[in-house]
**Q** 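If you scroll down you'll find the structure; I have some questions about it.
What you see is a predicted model, and the numbers here were worked out from it, not measured in a lab.
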Amino acid sequence: FVFTFLPMYLANAKTNSTVGLHRALLVLVDLLEVLRAEGCVEEPCSYTIVVDLQEVASFAKDVSSPRAFQATPAHVKLIQNGSEVQILISTKHKERMKLGTWAEDQEFDTPGILRKLERKMDLLESYVVDSEGPAWHGIRKKHQIPGDSDSDSSETVCAV
């Protein structure tokens, strides 16, 4: 992918204290997932897909709710014309942000919550798969019970 307006998106996000660079990168990753899920990577005639981020860059400048910004990938429309894709934010989403009604409407936060949960699950899976990782150290250590004269008595202590 080649992202047009990516520098403007990152600059706007960085100057908007509500968004910040970290949140902007998380949304960018979510947008990549949307592009992949919608089949934009499967354009047979081109090796490079040009993605127009102009509207998302403008939104990053003006948004006043971090949760509304993070939910943006769930409220985009992709317009594909050959090897070019334009990302547009739904009018409803932009209006909710302007009116300040987004926070009261919890159903619109569901996609964001699911993405957060998926990221946390992926992180936990990476710890489980990597048996040498920090999550495994000390998980099933056998310790003798203090003050017990019987040398066979022990308990399993889980320390994560």
**Q** Is the ring pair F59/H93 parallel, tilted or perpendicular, if the boundaries are 30 and 60 degrees?
**A** tilted
**Q** Is it possible for you to say whether L88 and F1 belong to one hydrophobic cluster, with membership spreading through side-chain heavy-atom contacts below 4.5 Å?
**A** no
**Q** Can you get from L31 to I49 by hopping between Ile, Leu, Val, Met, Phe, Trp and Tyr side chains that sit under 4.5 Å apart?
**A** yes
**Q** Could you tell me whether the side chain of N12 and the main chain of A57 form a donor-acceptor pair under 3.5 Å?
**A** yes
**Q** Are the side chains of D30 and T72 in contact, using a 4.5 Å heavy-atom criterion?
**A** no
**Q** Please say yes or no: joined through hydrophobic side-chain contacts below 4.5 Å, possibly via intermediate residues, are V51 and L26 part of one cluster?
**A** no
**Q** Show the nearest heavy-atom pair for residues P73 and V34, with the distance to one decimal.
**A** O-CG2, 3.7 Å
**Q** Using the side chain to side chain contact (heavy atoms under 4.5 Å, CB included) rule, take F3 and L32 through it: C-alpha gap first, then chi angles, then the decisive distance, then the call.
**A** CA-CA 11 Å; F3 291 98; L32 281 166; 3.5 Å; yes
**Q** How would you list all residue pairs meeting salt bridge (Lys or Arg N to Asp or Glu O under 4.0 Å) that involve residues 48-63, not counting sequence neighbours?
**A** E55-K94
**Q** Do L6 and V76 sit in one hydrophobic cluster, given that two such residues count as connected whenever their side-chain heavy atoms are within less than 4.5 Å of each other, even indirectly?
**A** yes
**Q** Using atom types as modelled and distance alone, determine if a side-chain donor or acceptor of R23 lies under 3.5 Å from a backbone N or O of T18.
**A** yes
**Q** V56 and I89: which non-hydrogen atoms are nearest, and at how many Å?
**A** CA-CD1, 4.0 Å
